[in-house]
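The structure appears below as C-alpha coordinates.
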2 protein chains.
Amino acid sequence: MKDTNERKLLSEEREQLILQALGDGARTIGELSQELGVSEATVRRDLQSLEKQGKARRIHGGAIRVQFPRTEPIFTEKATLHAREKQLIARRALDCIDDNDTIYLDGGSTILALARMLTSKQGLTIVTNSIMAAAELMESEHRLILLGGEFRALSRTLVGPLTAKIVSSLYIDKAFMGTIGFTVEDGISTTDANEAYTKELIMRRAKRVFVLMDSSKFGAPSLVVSGSLNDIDAIITDDAISSQAIKQLKKKKIDVIFPEMPSGKRANRET
Amino acid sequence: MKDTNERKLLSEEREQLILQALGDGARTIGELSQELGVSEATVRRDLQSLEKQGKARRIHGGAIRVQFPRTEPIFTEKATLHAREKQLIARRALDCIDDNDTIYLDGGSTILALARMLTSKQGLTIVTNSIMAAAELMESEHRLILLGGEFRALSRTLVGPLTAKIVSSLYIDKAFMGTIGFTVEDGISTTDANEAYTKELIMRRAKRVFVLMDSSKFGAPSLVVSGSLNDIDAIITDDAISSQAIKQLKKKKIDVIFPEMPSGKRANRET
DNA sequence: AAAATAACTTCATATTCTTGCAAAATATGT
DNA sequence: ACATATTTTGCAAGAATATGAAGTTATTTT
(Lines give C-alpha, C1' and ligand atoms only; values in the text may rest on other atoms or scores of the structure.)
Protein backbone atom coordinates (compact mmCIF):
# COMPACT_ATOMS: atom_id res chain seq x y z
CA MET A 1 0.00 0.00 0.00
CA LYS A 2 1.33 3.33 -0.88
CA ASP A 3 0.03 6.27 1.02
CA THR A 4 -1.35 8.64 -1.52
CA ASN A 5 -1.22 11.04 1.35
CA GLU A 6 1.95 12.67 0.11
CA ARG A 7 1.79 15.52 2.57
CA LYS A 8 5.05 16.27 4.21
CA LEU A 9 5.03 14.68 7.61
CA LEU A 10 5.96 16.56 10.71
CA SER A 11 8.91 15.26 12.63
CA GLU A 12 6.81 13.99 15.50
CA GLU A 13 4.48 12.15 13.19
CA ARG A 14 7.45 10.48 11.62
CA GLU A 15 8.71 9.48 15.02
CA GLN A 16 5.37 7.92 15.84
CA LEU A 17 5.43 5.98 12.60
CA ILE A 18 8.94 4.81 13.30
CA LEU A 19 7.92 3.54 16.71
CA GLN A 20 5.08 1.74 15.10
CA ALA A 21 7.35 0.16 12.51
CA LEU A 22 9.67 -0.88 15.29
CA GLY A 23 6.83 -2.72 16.92
CA ASP A 24 7.33 -5.64 14.57
CA GLY A 25 10.96 -5.98 15.58
CA ALA A 26 14.05 -4.19 14.40
CA ARG A 27 14.33 -2.05 11.31
CA THR A 28 17.25 -0.87 9.24
CA ILE A 29 17.84 2.73 8.38
CA GLY A 30 17.32 1.95 4.71
CA GLU A 31 13.91 0.41 5.28
CA LEU A 32 12.73 3.25 7.41
CA SER A 33 14.05 5.81 4.98
CA GLN A 34 12.13 4.21 2.16
CA GLU A 35 8.94 3.67 4.13
CA LEU A 36 8.82 7.23 5.29
CA GLY A 37 10.03 8.81 2.10
CA VAL A 38 12.83 10.78 3.67
CA SER A 39 16.58 10.59 3.47
CA GLU A 40 18.63 8.31 5.66
CA ALA A 41 20.17 11.28 7.37
CA THR A 42 16.77 12.37 8.56
CA VAL A 43 15.93 8.93 9.84
CA ARG A 44 19.12 8.95 11.85
CA ARG A 45 18.23 12.29 13.34
CA ASP A 46 14.77 11.06 14.26
CA LEU A 47 16.18 7.97 15.86
CA GLN A 48 18.59 10.09 17.82
CA SER A 49 15.65 12.05 19.14
CA LEU A 50 13.71 8.91 20.01
CA GLU A 51 16.70 7.50 21.80
CA LYS A 52 16.99 10.64 23.88
CA GLN A 53 13.35 10.20 24.85
CA GLY A 54 14.07 6.61 25.80
CA LYS A 55 11.58 5.20 23.35
CA ALA A 56 13.94 3.40 21.02
CA ARG A 57 17.47 2.11 21.08
CA ARG A 58 19.92 2.49 18.24
CA ILE A 59 21.91 -0.42 16.97
CA HIS A 60 24.39 -0.50 14.17
CA GLY A 61 22.47 -0.36 10.94
CA GLY A 62 19.12 0.40 12.44
CA ALA A 63 17.15 0.54 15.67
CA ILE A 64 15.02 -1.58 17.96
CA ARG A 65 12.28 -0.76 20.30
CA VAL A 66 13.13 -0.28 23.93
CA GLN A 67 12.14 -3.18 26.19
CA PHE A 68 9.56 -1.53 28.38
CA PRO A 69 7.37 0.83 26.45
CA ARG A 70 6.46 2.44 29.75
CA THR A 71 3.99 5.05 28.63
CA GLU A 72 0.75 4.45 26.77
CA PRO A 73 2.15 4.03 23.29
CA ILE A 74 -0.70 1.95 21.97
CA PHE A 75 -3.39 4.49 22.31
CA THR A 76 -1.51 7.47 20.97
CA GLU A 77 0.17 5.51 18.23
CA LYS A 78 -2.97 4.13 16.77
CA ALA A 79 -4.45 7.54 16.98
CA THR A 80 -2.21 9.14 14.42
CA LEU A 81 -2.78 6.46 11.83
CA HIS A 82 -5.32 7.41 9.17
CA ALA A 83 -6.13 10.52 11.16
CA ARG A 84 -7.62 12.32 8.21
CA GLU A 85 -9.97 9.52 7.19
CA LYS A 86 -11.13 9.17 10.75
CA GLN A 87 -11.84 12.83 10.90
CA LEU A 88 -13.99 12.69 7.81
CA ILE A 89 -15.85 9.61 8.96
CA ALA A 90 -16.60 11.18 12.32
CA ARG A 91 -17.79 14.28 10.55
CA ARG A 92 -20.26 12.24 8.55
CA ALA A 93 -21.50 10.43 11.63
CA LEU A 94 -22.22 13.77 13.25
CA ASP A 95 -24.87 14.40 10.62
CA CYS A 96 -26.70 11.28 11.77
CA ILE A 97 -27.27 12.71 15.24
CA ASP A 98 -30.27 14.87 16.08
CA ASP A 99 -30.66 17.18 19.05
CA ASN A 100 -32.01 15.44 22.17
CA ASP A 101 -30.99 11.97 21.00
CA THR A 102 -29.75 9.37 23.41
CA ILE A 103 -26.56 8.05 21.88
CA TYR A 104 -23.86 5.59 22.80
CA LEU A 105 -20.18 6.23 22.14
CA ASP A 106 -17.85 3.26 21.95
CA GLY A 107 -14.09 3.34 22.42
CA GLY A 108 -11.55 4.00 19.69
CA SER A 109 -10.02 7.03 18.10
CA THR A 110 -12.63 7.50 15.39
CA ILE A 111 -15.40 7.67 17.95
CA LEU A 112 -13.27 10.01 20.02
CA ALA A 113 -13.08 12.38 17.08
CA LEU A 114 -16.86 12.26 16.94
CA ALA A 115 -17.09 13.04 20.64
CA ARG A 116 -15.12 16.20 20.11
CA MET A 117 -17.64 17.42 17.57
CA LEU A 118 -20.68 17.02 19.78
CA THR A 119 -20.49 20.56 21.08
CA SER A 120 -22.42 21.54 17.99
CA LYS A 121 -25.47 19.55 19.15
CA GLN A 122 -27.85 20.28 21.97
CA GLY A 123 -29.50 18.35 24.75
CA LEU A 124 -27.94 14.99 24.04
CA THR A 125 -27.85 12.15 26.50
CA ILE A 126 -24.52 10.52 25.93
CA VAL A 127 -23.77 7.04 27.21
CA THR A 128 -20.22 5.78 26.88
CA ASN A 129 -17.71 3.28 28.14
CA SER A 130 -14.76 5.33 26.93
CA ILE A 131 -12.80 7.27 29.49
CA MET A 132 -11.27 9.40 26.76
CA ALA A 133 -14.66 10.36 25.37
CA ALA A 134 -15.91 11.10 28.87
CA ALA A 135 -12.92 13.31 29.60
CA GLU A 136 -13.62 15.13 26.39
CA LEU A 137 -17.28 15.67 27.21
CA MET A 138 -16.89 16.61 30.86
CA GLU A 139 -17.17 20.29 30.10
CA SER A 140 -20.11 19.99 27.75
CA GLU A 141 -23.72 20.79 28.48
CA HIS A 142 -24.93 17.33 27.56
CA ARG A 143 -26.07 14.74 29.98
CA LEU A 144 -23.31 12.20 30.39
CA ILE A 145 -23.61 8.64 31.63
CA LEU A 146 -20.69 6.31 32.04
CA LEU A 147 -20.99 2.58 31.96
CA GLY A 148 -19.18 1.16 34.92
CA GLY A 149 -16.98 -1.87 34.81
CA GLU A 150 -13.43 -2.96 34.67
CA PHE A 151 -10.96 -0.55 33.16
CA ARG A 152 -9.06 -1.86 30.17
CA ALA A 153 -5.88 0.15 29.80
CA LEU A 154 -5.16 -0.64 26.18
CA SER A 155 -8.36 0.85 24.86
CA ARG A 156 -9.15 3.02 27.86
CA THR A 157 -12.63 1.67 28.07
CA LEU A 158 -14.79 0.04 30.71
CA VAL A 159 -15.63 -3.53 29.88
CA GLY A 160 -16.71 -6.89 31.18
CA PRO A 161 -19.62 -8.41 33.05
CA LEU A 162 -20.11 -5.44 35.35
CA THR A 163 -21.08 -3.21 32.46
CA ALA A 164 -24.07 -5.47 31.84
CA LYS A 165 -25.65 -4.28 35.07
CA ILE A 166 -26.03 -0.78 33.78
CA VAL A 167 -26.53 -1.46 30.10
CA SER A 168 -29.60 -3.54 30.81
CA SER A 169 -31.37 -0.58 32.38
CA LEU A 170 -30.70 1.86 29.57
CA TYR A 171 -32.34 2.46 26.25
CA ILE A 172 -30.28 3.89 23.42
CA ASP A 173 -31.40 5.55 20.20
CA LYS A 174 -28.20 5.39 18.23
CA ALA A 175 -25.00 3.55 19.03
CA PHE A 176 -21.72 4.54 17.39
CA MET A 177 -19.29 1.66 17.47
CA GLY A 178 -15.61 1.38 16.67
CA THR A 179 -13.85 -1.86 15.85
CA ILE A 180 -10.48 -3.50 15.36
CA GLY A 181 -11.45 -5.87 12.60
CA PHE A 182 -14.37 -6.53 10.29
CA THR A 183 -15.50 -9.19 7.87
CA VAL A 184 -18.64 -9.46 5.82
CA GLU A 185 -19.26 -12.90 7.30
CA ASP A 186 -19.03 -12.16 11.01
CA GLY A 187 -19.21 -8.40 11.43
CA ILE A 188 -17.02 -6.65 13.97
CA SER A 189 -14.31 -8.32 16.00
CA THR A 190 -11.81 -7.18 18.61
CA THR A 191 -8.82 -8.47 20.56
CA ASP A 192 -10.38 -8.75 23.99
CA ALA A 193 -13.26 -10.96 25.04
CA ASN A 194 -14.56 -8.56 27.67
CA GLU A 195 -14.50 -5.74 25.20
CA ALA A 196 -16.39 -7.87 22.69
CA TYR A 197 -18.96 -8.78 25.31
CA THR A 198 -19.73 -5.18 26.17
CA LYS A 199 -20.01 -4.20 22.52
CA GLU A 200 -22.42 -7.02 21.98
CA LEU A 201 -24.65 -5.95 24.86
CA ILE A 202 -24.83 -2.43 23.58
CA MET A 203 -25.65 -3.42 20.03
CA ARG A 204 -28.51 -5.55 21.26
CA ARG A 205 -29.82 -2.68 23.27
CA ALA A 206 -29.64 0.09 20.67
CA LYS A 207 -32.37 0.96 18.24
CA ARG A 208 -29.91 1.79 15.49
CA VAL A 209 -26.26 0.74 15.31
CA PHE A 210 -23.61 2.61 13.30
CA VAL A 211 -20.14 1.16 12.86
CA LEU A 212 -17.42 3.70 12.14
CA MET A 213 -14.24 2.40 10.59
CA ASP A 214 -11.65 3.33 8.04
CA SER A 215 -11.36 0.95 5.13
CA SER A 216 -8.16 -0.64 6.45
CA LYS A 217 -10.28 -2.66 8.88
CA PHE A 218 -12.19 -4.32 6.08
CA GLY A 219 -11.72 -8.02 5.60
CA ALA A 220 -9.32 -8.21 8.52
CA PRO A 221 -10.83 -10.17 11.40
CA SER A 222 -9.48 -9.83 14.93
CA LEU A 223 -9.57 -12.47 17.66
CA VAL A 224 -13.03 -12.31 19.18
CA VAL A 225 -16.19 -11.74 17.18
CA SER A 226 -18.71 -9.42 18.75
CA GLY A 227 -22.38 -9.85 17.96
CA SER A 228 -23.27 -10.55 14.36
CA LEU A 229 -23.93 -8.70 11.14
CA ASN A 230 -27.60 -8.56 12.01
CA ASP A 231 -26.88 -6.23 14.88
CA ILE A 232 -25.48 -3.60 12.54
CA ASP A 233 -27.67 -1.08 10.74
CA ALA A 234 -25.11 1.09 8.97
CA ILE A 235 -21.42 1.37 8.31
CA ILE A 236 -19.69 4.70 7.89
CA THR A 237 -16.37 4.32 6.14
CA ASP A 238 -14.12 5.96 3.59
CA ASP A 239 -14.44 5.15 -0.08
CA ALA A 240 -11.52 2.78 -0.42
CA ILE A 241 -13.59 -0.36 0.02
CA SER A 242 -14.41 -2.64 -2.85
CA SER A 243 -17.71 -2.27 -4.67
CA GLN A 244 -18.17 -5.99 -4.20
CA ALA A 245 -18.12 -5.60 -0.44
CA ILE A 246 -20.67 -2.83 -0.73
CA LYS A 247 -22.97 -5.11 -2.68
CA GLN A 248 -22.68 -7.86 -0.12
CA LEU A 249 -23.48 -5.46 2.67
CA LYS A 250 -26.47 -4.04 0.89
CA LYS A 251 -27.76 -7.56 0.39
CA LYS A 252 -27.69 -7.91 4.17
CA LYS A 253 -29.62 -4.65 4.47
CA ILE A 254 -26.73 -2.71 5.91
CA ASP A 255 -26.39 0.88 4.77
CA VAL A 256 -22.95 1.93 3.64
CA ILE A 257 -22.36 5.62 4.18
CA PHE A 258 -19.47 7.65 2.82
CA PRO A 259 -18.25 10.99 4.07
CA GLU A 260 -18.44 14.15 2.02
CA MET A 261 -15.11 14.56 0.38
CA PRO A 262 -13.65 18.00 0.98
CA SER A 263 -12.53 18.46 -2.61
CA GLY A 264 -15.65 16.84 -3.99
CA LYS A 265 -13.82 13.86 -5.44
CA ARG A 266 -15.31 10.45 -4.95
CA ALA A 267 -13.03 7.81 -6.38
CA ASN A 268 -14.78 4.65 -5.46
CA ARG A 269 -13.56 2.10 -7.94
CA GLU A 270 -10.26 0.76 -6.86
CA THR A 271 -7.54 -1.88 -7.21
CA MET B 1 -17.15 22.14 0.62
CA LYS B 2 -18.74 21.54 3.96
CA ASP B 3 -17.76 24.79 5.55
CA THR B 4 -19.50 27.23 3.33
CA ASN B 5 -20.00 29.17 6.50
CA GLU B 6 -18.32 32.26 5.13
CA ARG B 7 -19.04 34.39 8.16
CA LYS B 8 -15.94 35.73 9.73
CA LEU B 9 -15.08 33.56 12.67
CA LEU B 10 -14.14 34.76 16.10
CA SER B 11 -10.76 33.63 17.30
CA GLU B 12 -12.30 31.34 19.89
CA GLU B 13 -14.43 29.62 17.30
CA ARG B 14 -11.38 29.16 15.17
CA GLU B 15 -9.49 27.66 18.06
CA GLN B 16 -12.31 25.22 18.60
CA LEU B 17 -12.18 24.24 14.95
CA ILE B 18 -8.45 23.84 15.10
CA LEU B 19 -8.73 21.48 18.02
CA GLN B 20 -11.30 19.54 16.08
CA ALA B 21 -9.12 19.42 13.00
CA LEU B 22 -6.17 18.29 15.02
CA GLY B 23 -8.19 15.34 16.14
CA ASP B 24 -5.73 12.76 17.26
CA GLY B 25 -3.09 13.39 14.72
CA ALA B 26 -1.18 16.44 13.70
CA ARG B 27 -1.75 19.19 11.21
CA THR B 28 0.58 21.51 9.38
CA ILE B 29 0.22 25.24 9.48
CA GLY B 30 -0.51 25.28 5.78
CA GLU B 31 -3.40 22.84 6.05
CA LEU B 32 -4.98 24.70 8.91
CA SER B 33 -4.56 28.02 7.17
CA GLN B 34 -6.34 26.69 4.12
CA GLU B 35 -9.09 24.91 6.01
CA LEU B 36 -9.92 27.96 8.09
CA GLY B 37 -9.43 30.53 5.38
CA VAL B 38 -7.05 32.72 7.34
CA SER B 39 -3.39 33.49 6.96
CA GLU B 40 -0.68 31.32 8.36
CA ALA B 41 0.31 34.07 10.77
CA THR B 42 -3.13 33.94 12.32
CA VAL B 43 -3.01 30.20 12.64
CA ARG B 44 0.29 30.53 14.46
CA ARG B 45 -1.17 33.03 16.86
CA ASP B 46 -4.15 30.79 17.52
CA LEU B 47 -1.89 27.87 18.15
CA GLN B 48 0.18 29.97 20.49
CA SER B 49 -2.96 30.69 22.45
CA LEU B 50 -4.00 27.05 22.48
CA GLU B 51 -0.60 26.06 23.69
CA LYS B 52 -0.81 28.51 26.54
CA GLN B 53 -4.12 26.93 27.49
CA GLY B 54 -2.45 23.54 27.39
CA LYS B 55 -4.78 22.19 24.74
CA ALA B 56 -2.36 21.80 21.89
CA ARG B 57 1.34 21.44 21.49
CA ARG B 58 3.29 23.26 18.83
CA ILE B 59 5.93 21.53 16.82
CA HIS B 60 7.97 22.78 13.94
CA GLY B 61 5.69 23.01 10.93
CA GLY B 62 2.42 22.40 12.71
CA ALA B 63 0.81 21.29 15.92
CA ILE B 64 -0.30 18.20 17.80
CA ARG B 65 -3.17 17.85 20.13
CA VAL B 66 -2.31 17.23 23.74
CA GLN B 67 -3.68 13.92 25.01
CA PHE B 68 -5.18 14.90 28.30
CA PRO B 69 -6.25 18.45 28.82
CA ARG B 70 -4.69 19.65 32.02
CA THR B 71 -6.81 22.46 33.29
CA GLU B 72 -9.64 21.72 35.70
CA PRO B 73 -10.81 25.07 36.96
CA ILE B 74 -13.28 23.83 39.57
CA PHE B 75 -11.02 21.20 40.85
CA THR B 76 -7.73 22.98 41.09
CA GLU B 77 -9.47 25.83 42.82
CA LYS B 78 -10.82 23.73 45.62
CA ALA B 79 -7.66 21.72 45.76
CA THR B 80 -5.54 24.65 46.81
CA LEU B 81 -7.66 25.22 49.89
CA HIS B 82 -6.09 23.51 52.92
CA ALA B 83 -3.76 21.75 50.52
CA ARG B 84 -1.20 20.91 53.16
CA GLU B 85 -3.68 19.37 55.58
CA LYS B 86 -5.17 17.32 52.79
CA GLN B 87 -1.78 16.08 51.80
CA LEU B 88 -1.00 14.98 55.33
CA ILE B 89 -4.37 13.34 55.79
CA ALA B 90 -4.01 11.42 52.53
CA ARG B 91 -0.54 10.37 53.62
CA ARG B 92 -1.93 8.93 56.82
CA ALA B 93 -4.70 7.11 54.97
CA LEU B 94 -2.10 5.48 52.77
CA ASP B 95 -0.73 3.68 55.81
CA CYS B 96 -4.12 2.05 56.31
CA ILE B 97 -3.91 0.28 52.96
CA ASP B 98 -2.25 -3.11 52.54
CA ASP B 99 -1.07 -4.69 49.33
CA ASN B 100 -3.79 -6.65 47.51
CA ASP B 101 -6.63 -4.83 49.26
CA THR B 102 -9.83 -4.00 47.48
CA ILE B 103 -10.46 -0.33 48.21
CA TYR B 104 -12.98 2.29 47.25
CA LEU B 105 -12.04 5.87 46.44
CA ASP B 106 -14.67 8.55 46.74
CA GLY B 107 -14.61 11.94 45.04
CA GLY B 108 -12.97 15.07 46.41
CA SER B 109 -9.52 16.56 46.43
CA THR B 110 -8.30 14.80 49.57
CA ILE B 111 -9.08 11.41 48.12
CA LEU B 112 -7.48 12.46 44.86
CA ALA B 113 -4.29 13.18 46.73
CA LEU B 114 -4.51 9.67 48.14
CA ALA B 115 -5.01 8.23 44.66
CA ARG B 116 -1.76 9.78 43.53
CA MET B 117 0.10 8.00 46.29
CA LEU B 118 -1.12 4.53 45.43
CA THR B 119 1.78 3.76 43.12
CA SER B 120 3.67 2.75 46.23
CA LYS B 121 1.30 -0.16 46.80
CA GLN B 122 0.97 -3.38 44.86
CA GLY B 123 -1.83 -5.48 43.48
CA LEU B 124 -4.70 -3.30 44.64
CA THR B 125 -8.18 -3.54 43.25
CA ILE B 126 -9.40 0.02 43.17
CA VAL B 127 -13.08 0.84 42.83
CA THR B 128 -14.03 4.46 42.35
CA ASN B 129 -16.72 6.80 41.15
CA SER B 130 -14.29 9.63 40.61
CA ILE B 131 -13.22 10.42 37.07
CA MET B 132 -10.26 12.36 38.34
CA ALA B 133 -9.03 9.48 40.45
CA ALA B 134 -9.54 7.12 37.53
CA ALA B 135 -7.59 9.37 35.19
CA GLU B 136 -4.81 9.45 37.74
CA LEU B 137 -4.73 5.68 38.07
CA MET B 138 -5.04 4.78 34.41
CA GLU B 139 -1.33 4.24 34.04
CA SER B 140 -0.92 2.25 37.22
CA GLU B 141 -0.53 -1.49 37.51
CA HIS B 142 -3.53 -1.85 39.78
CA ARG B 143 -6.84 -3.27 38.76
CA LEU B 144 -9.25 -0.43 38.26
CA ILE B 145 -13.04 -0.57 38.35
CA LEU B 146 -15.27 2.39 37.72
CA LEU B 147 -18.77 2.66 39.02
CA GLY B 148 -21.05 3.65 36.21
CA GLY B 149 -23.79 6.19 36.51
CA GLU B 150 -24.65 9.73 35.75
CA PHE B 151 -21.80 12.17 35.56
CA ARG B 152 -21.95 15.05 37.99
CA ALA B 153 -19.82 17.86 36.66
CA LEU B 154 -19.26 19.76 39.88
CA SER B 155 -17.60 16.90 41.70
CA ARG B 156 -16.57 14.97 38.61
CA THR B 157 -18.04 11.82 40.00
CA LEU B 158 -20.54 9.22 38.84
CA VAL B 159 -23.65 9.19 40.96
CA GLY B 160 -27.30 8.24 41.16
CA PRO B 161 -29.47 5.15 40.92
CA LEU B 162 -27.43 3.58 38.13
CA THR B 163 -24.41 3.23 40.38
CA ALA B 164 -26.42 0.92 42.61
CA LYS B 165 -26.43 -1.74 39.90
CA ILE B 166 -22.72 -2.18 40.10
CA VAL B 167 -22.16 -1.43 43.76
CA SER B 168 -24.44 -4.24 44.78
CA SER B 169 -22.26 -6.80 43.05
CA LEU B 170 -18.99 -5.68 44.59
CA TYR B 171 -17.39 -6.32 47.91
CA ILE B 172 -15.01 -3.74 49.31
CA ASP B 173 -12.41 -4.06 52.05
CA LYS B 174 -11.81 -0.43 52.81
CA ALA B 175 -13.70 2.61 51.60
CA PHE B 176 -12.10 6.05 51.69
CA MET B 177 -14.75 8.73 51.69
CA GLY B 178 -14.62 12.48 51.28
CA THR B 179 -17.34 14.83 52.43
CA ILE B 180 -18.61 18.38 52.24
CA GLY B 181 -19.99 18.63 55.76
CA PHE B 182 -19.95 16.65 58.99
CA THR B 183 -21.72 16.69 62.32
CA VAL B 184 -21.42 14.36 65.28
CA GLU B 185 -25.17 13.80 65.19
CA ASP B 186 -25.67 12.80 61.56
CA GLY B 187 -22.28 12.01 60.12
CA ILE B 188 -21.37 13.06 56.60
CA SER B 189 -23.53 15.25 54.38
CA THR B 190 -23.23 16.67 50.90
CA THR B 191 -25.01 19.08 48.56
CA ASP B 192 -26.44 16.63 46.08
CA ALA B 193 -28.98 13.90 46.75
CA ASN B 194 -27.62 11.56 44.10
CA GLU B 195 -24.14 11.95 45.45
CA ALA B 196 -25.38 11.22 48.96
CA TYR B 197 -27.19 8.15 47.76
CA THR B 198 -24.13 6.67 46.13
CA LYS B 199 -22.00 7.34 49.18
CA GLU B 200 -24.56 5.62 51.34
CA LEU B 201 -24.58 2.52 49.16
CA ILE B 202 -20.84 2.25 49.30
CA MET B 203 -20.61 2.65 53.03
CA ARG B 204 -23.15 -0.12 53.52
CA ARG B 205 -21.14 -2.34 51.28
CA ALA B 206 -17.67 -1.79 52.71
CA LYS B 207 -16.13 -3.75 55.53
CA ARG B 208 -14.37 -0.73 56.91
CA VAL B 209 -15.15 2.93 56.20
CA PHE B 210 -12.65 5.77 56.56
CA VAL B 211 -13.75 9.38 56.24
CA LEU B 212 -11.01 11.79 55.22
CA MET B 213 -11.60 15.44 56.00
CA ASP B 214 -9.81 18.50 57.15
CA SER B 215 -11.11 19.99 60.39
CA SER B 216 -12.90 22.84 58.60
CA LYS B 217 -15.69 20.41 57.71
CA PHE B 218 -16.41 19.69 61.36
CA GLY B 219 -19.75 20.80 62.74
CA ALA B 220 -20.78 22.21 59.37
CA PRO B 221 -23.66 20.20 57.89
CA SER B 222 -24.44 20.32 54.20
CA LEU B 223 -27.83 19.79 52.58
CA VAL B 224 -28.29 16.03 52.32
CA VAL B 225 -27.21 13.59 55.00
CA SER B 226 -25.62 10.42 53.72
CA GLY B 227 -25.93 7.25 55.77
CA SER B 228 -25.42 7.58 59.49
CA LEU B 229 -22.63 7.67 62.00
CA ASN B 230 -22.90 3.91 62.41
CA ASP B 231 -21.63 3.41 58.90
CA ILE B 232 -18.34 5.08 59.72
CA ASP B 233 -15.45 3.20 61.29
CA ALA B 234 -12.73 5.84 61.38
CA ILE B 235 -12.10 9.49 60.68
CA ILE B 236 -8.76 10.76 59.49
CA THR B 237 -8.41 14.47 60.09
CA ASP B 238 -5.96 17.12 61.17
CA ASP B 239 -5.57 18.00 64.83
CA ALA B 240 -7.61 21.21 64.89
CA ILE B 241 -10.78 19.55 66.13
CA SER B 242 -12.08 19.92 69.63
CA SER B 243 -11.26 17.30 72.24
CA GLN B 244 -14.93 17.28 73.08
CA ALA B 245 -15.76 16.14 69.58
CA ILE B 246 -13.16 13.43 69.84
CA LYS B 247 -14.73 12.17 73.03
CA GLN B 248 -18.15 12.05 71.44
CA LEU B 249 -16.83 10.14 68.48
CA LYS B 250 -15.00 7.65 70.65
CA LYS B 251 -18.20 7.05 72.55
CA LYS B 252 -19.76 6.04 69.23
CA LYS B 253 -16.82 3.68 68.64
CA ILE B 254 -15.37 5.72 65.82
CA ASP B 255 -11.60 5.89 65.65
CA VAL B 256 -10.11 9.33 65.21
CA ILE B 257 -6.80 9.18 63.43
CA PHE B 258 -4.32 12.03 63.10
CA PRO B 259 -1.54 12.31 60.58
CA GLU B 260 2.09 12.18 61.60
CA MET B 261 3.18 15.75 61.98
CA PRO B 262 6.34 16.46 60.02
CA SER B 263 7.98 18.24 62.95
CA GLY B 264 6.66 15.71 65.43
CA LYS B 265 4.46 18.20 67.23
CA ARG B 266 0.95 17.21 68.17
CA ALA B 267 -0.92 20.23 69.53
CA ASN B 268 -4.35 18.90 70.12
CA ARG B 269 -5.86 21.37 72.53
CA GLU B 270 -7.52 24.13 70.64
CA THR B 271 -9.85 27.10 70.49
C1' DA C 1 44.14 -6.22 6.46
C1' DA C 2 41.03 -4.93 2.89
C1' DA C 3 36.45 -4.25 1.44
C1' DA C 4 31.91 -3.00 2.49
C1' DT C 5 28.71 -0.86 5.02
C1' DA C 6 27.15 2.46 8.38
C1' DA C 7 27.72 6.66 11.06
C1' DC C 8 29.17 11.24 11.70
C1' DT C 9 30.40 16.01 10.03
C1' DT C 10 29.81 19.93 7.38
C1' DC C 11 27.53 22.76 4.36
C1' DA C 12 23.96 24.44 1.03
C1' DT C 13 19.16 24.95 0.44
C1' DA C 14 14.50 25.20 1.47
C1' DT C 15 11.01 25.70 4.93
C1' DT C 16 9.26 27.64 8.86
C1' DC C 17 9.36 31.03 12.87
C1' DT C 18 9.56 35.38 14.90
C1' DT C 19 9.04 40.12 14.99
C1' DG C 20 7.66 44.67 13.80
C1' DC C 21 4.48 47.30 11.40
C1' DA C 22 0.41 48.86 8.87
C1' DA C 23 -4.39 48.20 7.55
C1' DA C 24 -8.82 46.63 8.84
C1' DA C 25 -12.24 45.56 12.15
C1' DT C 26 -14.21 46.11 16.56
C1' DA C 27 -15.07 48.30 20.85
C1' DT C 28 -15.36 52.45 23.70
C1' DG C 29 -16.23 57.15 25.17
C1' DT C 30 -18.11 61.68 24.46
C1' DA D 1 -23.02 59.81 15.28
C1' DC D 2 -18.50 60.74 15.43
C1' DA D 3 -13.86 60.26 16.81
C1' DT D 4 -10.58 57.68 19.29
C1' DA D 5 -8.59 53.45 21.47
C1' DT D 6 -7.99 48.63 21.23
C1' DT D 7 -7.77 44.41 19.07
C1' DT D 8 -7.24 41.50 15.21
C1' DT D 9 -5.33 40.27 10.95
C1' DG D 10 -2.09 40.09 7.08
C1' DC D 11 2.41 41.01 5.19
C1' DA D 12 7.37 40.90 4.77
C1' DA D 13 12.35 40.62 6.15
C1' DG D 14 15.70 38.54 8.91
C1' DA D 15 16.52 34.61 12.16
C1' DA D 16 16.08 29.89 13.17
C1' DT D 17 15.33 25.18 11.96
C1' DA D 18 14.96 21.01 9.14
C1' DT D 19 16.48 18.39 5.41
C1' DG D 20 19.42 16.20 1.96
C1' DA D 21 23.89 15.57 -0.28
C1' DA D 22 28.77 14.97 -0.27
C1' DG D 23 32.84 13.75 2.00
C1' DT D 24 35.21 11.74 6.01
C1' DT D 25 35.61 8.61 9.76
C1' DA D 26 34.20 4.47 12.32
C1' DT D 27 32.56 -0.23 12.50
C1' DT D 28 31.67 -4.75 10.82
C1' DT D 29 32.59 -8.55 7.71
C1' DT D 30 35.34 -11.46 4.90
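So you know, we letter chains A, B, ... as the sequences are listed, proteins then strands, and number each from 1. Reckoned from all heavy atoms, side chains included, excluding hydrogens, waters and symmetry mates.
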Minimum-distance nucleotide to Ile29(A) side chain [options: dT19(D), dA7(C), dG10(D)]: dA7(C)
Which nucleotide in dC17(C), dG10(D), dT28(D) has an atom nearest any side-chain atom of Val38(B): dG10(D)
Any side-chain N or O of [X] under 4.0 Å from OP1/OP2 of [N]?
| X | N | result |
| --- | --- | --- |
| Arg58(A) | dA7(C) | yes |
| Arg44(A) | dA21(D) | no |
| Arg45(B) | dT19(C) | no |
| Thr42(A) | dG20(D) | yes |

Candidate list Asp238(A), Leu114(A), Leu94(A), Ile257(A), test side chain to side chain contact (heavy atoms under 4.5 Å, CB included), partner Ile89(A), passing option: Asp238(A)
5'-most by nearest nucleotide on DNA chain C - Thr28(A) or Ala41(B): Thr28(A)
Whole-Å gap separating P (dA18(D)) and CD (Glu12(A)): 11 Å
Whole-Å gap separating C1' (dT16(C)) and CZ (Arg27(B)): 19 Å
Sugar-phosphate, base or nothing in reach of Gly62(A), heavy atoms under 4.0 Å: sugar-phosphate
Touch class at under 4.0 angstrom, heavy-atom based, for Ile59(B) against every strand present: sugar-phosphate
